[in-house]
Amino acid sequence: MSAIYSSSWKVVRANWMMLEGILIIGSIVALSYKLGKFKIEKNFEIEKIIKKNWLFCLIFLGSILIRISQLTGGIIWDAGEYYGRLITATEKFDFSLTAFLDNFNLANHPNYGYTFFTGIGEFLFPRKVWGVNLVVLILTAFALVFLYRIFNKYLKLNKTTSSLLCGLFSFSPLVLGTSGYYNPDYGIALFFIFIMYFFLEKKYILFTFWSICFVFTKEVSAIIYFFFIVGILMAKFLEKKDEKVGNSFFIIFKNPVIYISIIVGLFYLGYMKYIGGITKWKQVEGAGSNFTWNNDGFNCFGFNREYVILKFQQMFIENYRWIIIILAFFGCLLILLFKKKLNLSVNKYLLFSIVLSLLSYICFNCLYITFALVRYNYISDLLIIIVLGAVSIFLCKLFS
């Protein structure tokens with residue numbers, strides 16, 4: 001619908017799409033209202049919410065205000081390449097599915113989830129980068145609120161700790177410094193927060209939608225998502241480990257998450273069928289397969305010791321990540337020393353999923369040899385901070 005207000009719209013096709021869009025959105029809202037049984041709280045008071053969550057509100061407000069200054073800048077180097085291709089995609093859009101599939105895969109990456117949203121900003125404000133950055137800012141605002149609720153409601157951390165961990169993510173040098181730098185890697189971190197939150201909230205329709213957006217952000221996001229789902233199912237299986245094996249597997253297959261992951265997988269298989277392979281991305285035109293193994297090669301898999309060391313430095317040392325790693329390390333050490341005094345209980349679904357997602361990302365990041373760009377590490381910032389949050393639970397119990 002935002003494309004209708006763009007200078008590139010086609011009148012007849014656009015009018016039909018506007019009508020279809022209104023009907024579809026109206027049906028979704030009506031169905032959601034009917035099934036969701038929404039209730040408007042009569043005593044909803046914003047002042048009480050702010051007083052109870054004052055520290056997070058300050059961090060949230062600071063996160064938004066400091067990013068406003070970045071709305072009009074940051075489009076250089078590969079961000080300029082991505083943004084230029086987004087401009088081309090919006091100008092070529094003719095309201096057909098093929099136009100979307102053929103043009104919104106920036107640099108031949110499967111990032112339709114990210115361009116679906118950022119394209120709205122470009123349609124509304126053509127060739128003005130602040131329109132795209134404004135959409136990213138809105139997504140960031142929602143992500144911070146969801147992350148706060150994950151820490152506070154599902155990891156059972158107090159409001160102060162939850163707020164500080166959100167601030168640690170929002171104001172980390174990489175995340176804050178490149179908020180106005182247009183690239184799909186930033187979307188991987190944001191959408192991962194969304195799928196975590198809606199999974200924990202058991203809002204499975206929204207979980208399905210954001211899962212599709214997450215998988216269609218970049219190739220590595222599909223790998224992370226696979227292990228995220230594996231972590232959920234492992235936690236469910238271990239929860240029922242005392243039952244018969246057959247019953248345990250039956251309980252797993254009653255979990256709606258497994259069917260949602262199948263739906264997401266079918267979407268991705270459809271995309272692979274459309275492009276004729278796993279991915280169309282190649283750094284150099286005419287290059288061979290990206291899936292060869294060559295320890296001294298480039299844009300391929302392999303084990304190159306110097307490259308692995310460099311990636312570990314990026315993931316665990318640079319941008320002051322070493323502070324987070326040290327805190328998490330000493331937290332784990334104290335837990336091991338005093339584990340007999342602790343009743344260790346944590347959201348197993350979240351913990352298993354985060355650990356497996358982080359390990360899968362580390363393995364891919366170290367074994368796929370390509371440009372060692374720091375912006376690939378947004379998701380590691382997020383996952384490491386969540387692990388630190390899980391450690392904080394035990395430390396709070398230890399010193400309480």
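The figures that follow rest on heavy atoms only: side chains count, while hydrogens, waters and symmetry mates do not.
Using a 4.5 Å cut-off on side-chain heavy atoms (C-beta onward), Gln313 and Phe316 make no contact. In this structure, Val220 and Tyr376 have side chains that are not in contact, with every pair of non-hydrogen atoms separated by 4.5 Å or more. Contact of the Phe312 side chain with the Ile362 side chain is registered, since non-hydrogen atoms from C-beta on lie closer than 4.5 Å. Taking the side chain as every heavy atom from C-beta outward, Ile138 and Phe117 never approach each other to under 4.5 Å. Counting only heavy atoms from C-beta outward, the side chains of Glu318 and Pro173 never approach each other to under 4.5 Å. Using a 4.5 Å cut-off on side-chain heavy atoms (C-beta onward), Ile223 and Tyr361 make no contact. Looking at heavy atoms from C-beta onward, Tyr112 lies out of side-chain contact with Cys213 at the 4.5 angstrom threshold. Put simply, the side chain of His109 reaches to within 4.5 Å of the side chain of Glu219, judged on heavy atoms.
Tracing side-chain contacts under 4.5 Å through hydrophobic residues (I, L, V, M, F, W, Y), one reaches Phe228 starting from Tyr259; they form part of the same cluster. Connection of Phe142 to Phe60 is established within a shared hydrophobic cluster, with ILVMFWY side chains joined at heavy-atom distances below 4.5 Å, either directly or through further cluster members. In the hydrophobic cluster analysis, where Ile, Leu, Val, Met, Phe, Trp and Tyr join through side-chain heavy atoms closer than 4.5 angstrom, Leu383 is grouped together with Tyr320. Two different hydrophobic clusters hold Ile309 and Ile317 under the rule that ILVMFWY side chains link at heavy-atom gaps under 4.5 Å. Linking ILVMFWY residues whenever their side-chain heavy atoms come closer than 4.5 Å, directly or via other members, leaves Ile324 and Ile59 in distinct clusters.
A donor-acceptor contact under 3.5 angstrom links the side chains of Arg67 and Ser170, judged on distance only. There is a side-chain donor-acceptor pair under 3.5 Å between Tyr274 and Asp102. Using a 3.5 Å distance cut-off with no hydrogens or angles, the side chains of Glu201 and Tyr154 do pair a donor with an acceptor. Donor-acceptor pairing under 3.5 Å is lacking for the side chains of Lys218 and Asn111. Side-chain polar atoms of Asn152 and Tyr148 form no donor-acceptor pair below 3.5 angstrom. Side-chain atoms of Tyr197 and Arg149 include a donor-acceptor pair closer than 3.5 Å. Judged purely by distance below 3.5 Å, without hydrogens or angles, the side chains of Asn319 and Asn377 never pair a donor atom with an acceptor atom.
A donor-acceptor pair under 3.5 Å is formed between the side chain of Ser221 and the backbone N or O of Phe214. Judged by distance alone, with hydrogens and angles left aside, the side-chain atoms of Glu122 form no donor-acceptor pair with the main-chain N or O of Val129 at under 3.5 Å. Between the Lys202 side chain and the Phe199 main chain, no donor and acceptor come within less than 3.5 Å of each other. Within the 3.5 Å criterion, the main-chain N or O of Asn295 finds a donor-acceptor partner in the side chain of Asn304. Proximity of a side-chain donor or acceptor of Ser360 to a complementary backbone N or O of Ser357 within less than 3.5 Å is detected. Here the side chain of Asp78 pairs no donor or acceptor atom with the backbone of Glu81 at under 3.5 angstrom. At distances below 3.5 Å, not a single donor-acceptor pair connects side-chain atoms of Asn103 with backbone N or O atoms of Ala89. Side-chain N or O atoms of Asn183 include none that pairs as donor or acceptor with a backbone N or O of Ala79 at under 3.5 Å. Between the Ser96 side chain and the Ala99 main chain, a donor and an acceptor come within less than 3.5 Å of each other. With Asn108 contributing its side chain and Leu106 its backbone, the two residues share no donor-acceptor pair below 3.5 Å.
If you look at Phe116 and Trp210, their ring centroids are not closer than 6.0 Å. Between Phe93 and Phe123, the ring center distance clears the sub-6.0 Å criterion. With ring centers used as reference points, Phe146 lies under 6.0 Å from Phe194. For an aromatic pair to be called close, the ring centres must be under 6.0 Å apart, and Trp293 with Phe301 fails this.
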Report task. Check step by step if side-chain contact (heavy atoms from CB on, under 4.5 Å) holds for Thr178 and Arg375. Result -> CA-CA 8 Å; Thr178 57; Arg375 66 174 171 83; 5.8 Å; no
Requested in this report: Apply side-chain contact (heavy atoms from CB on, under 4.5 Å) to the pair Phe56 and Val145, showing each step before the final yes or no.
Outcome: CA-CA 9 Å; Phe56 172 73; Val145 174; 4.2 Å; yes
Report task. Using the side-chain contact (heavy atoms from CB on, under 4.5 Å) rule, take Gln314 and Leu373 through it: C-alpha gap first, then chi angles, then the decisive distance, then the call. Result -> CA-CA 9 Å; Gln314 288 185 339; Leu373 301 179; over 6 Å; no
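A pairwise comparison of heavy atoms in Thr370 and Phe298 identifies C-CE1, 3.5 Å as the closest pair. Minimum interatomic distance between Phe125 and Gly131 (heavy atoms only, all atoms of both residues): CD1-CA, 3.8 Å. Heavy-atom minimum distance, Ala390 versus Leu351: CB-CD1, 3.9 Å. Heavy-atom minimum distance, Cys366 versus Tyr307: O-CD2, 3.5 Å. Shown here for Gln70 and Gly180, the closest heavy-atom pair between the two residues is OE1-N, 3.7 Å. Residues Leu86 and Val132 come closest through the heavy atom pair CD2-CG2, 3.7 Å.
For the side chain to side chain donor-acceptor pair (under 3.5 Å) condition, the pairs that include at least one residue of residues 222-232, sequence neighbours left out, are Ser211-Tyr225. Within the structure, no pair that satisfies the salt bridge (charged side-chain N to carboxylate O under 4.0 Å, His left out) test touches residues 166-176, not counting sequence neighbours. For residues 126-136, the salt bridge (charged side-chain N to carboxylate O under 4.0 Å, His left out) pairs, not counting sequence neighbours, are Glu91-Arg127.
Separation of atoms CE (Met196) and CD1 (Ile232) is listed at 11.0 Å; rounding is to 0.5 Å. Put simply, SG on Cys57 and NZ on Lys51 are 12.5 Å apart, with the number rounded to the nearest 0.5 Å. To the nearest 0.5 Å, atoms CD1 (Ile66) and OG (Ser179) are separated by 9.0 Å. Here the straight-line distance linking atom CD1 of Ile384 with atom CD1 of Ile354 works out to 11.5 Å at 0.5 Å rounding. In this structure, the separation between CD1 on Ile385 and CG on Leu164 is 11.5 Å, given to the nearest 0.5 Å. Between atom CD1 of residue Ile68 and atom CG of residue Leu137 there is a gap of 6.5 Å, rounded to the nearest 0.5 Å.
A side-chain hydrogen bond (donor to acceptor under 3.5 Å, both in side chains) with Thr118 holds for exactly one of Tyr83, Tyr82, Tyr182; it is Tyr182. For the ring pair (Phe, Tyr, Trp, His ring centres under 6.0 Å) criterion with Tyr378, the lone passing option out of Phe192, Phe191, Tyr186 is Tyr186.
Within a 6.0 Å sphere centred on CZ of Phe267, heavy atoms belonging to other residues, nucleotides or ligands number 12 at most. Around the CG atom of Leu101, the shell of radius 6.0 Å holds more than 12 heavy atoms that belong to other residues, nucleotides or ligands. Counting non-hydrogen atoms of other residues, nucleotides and ligands closer than 6.0 Å to CZ of Phe171 gives a total above 12.
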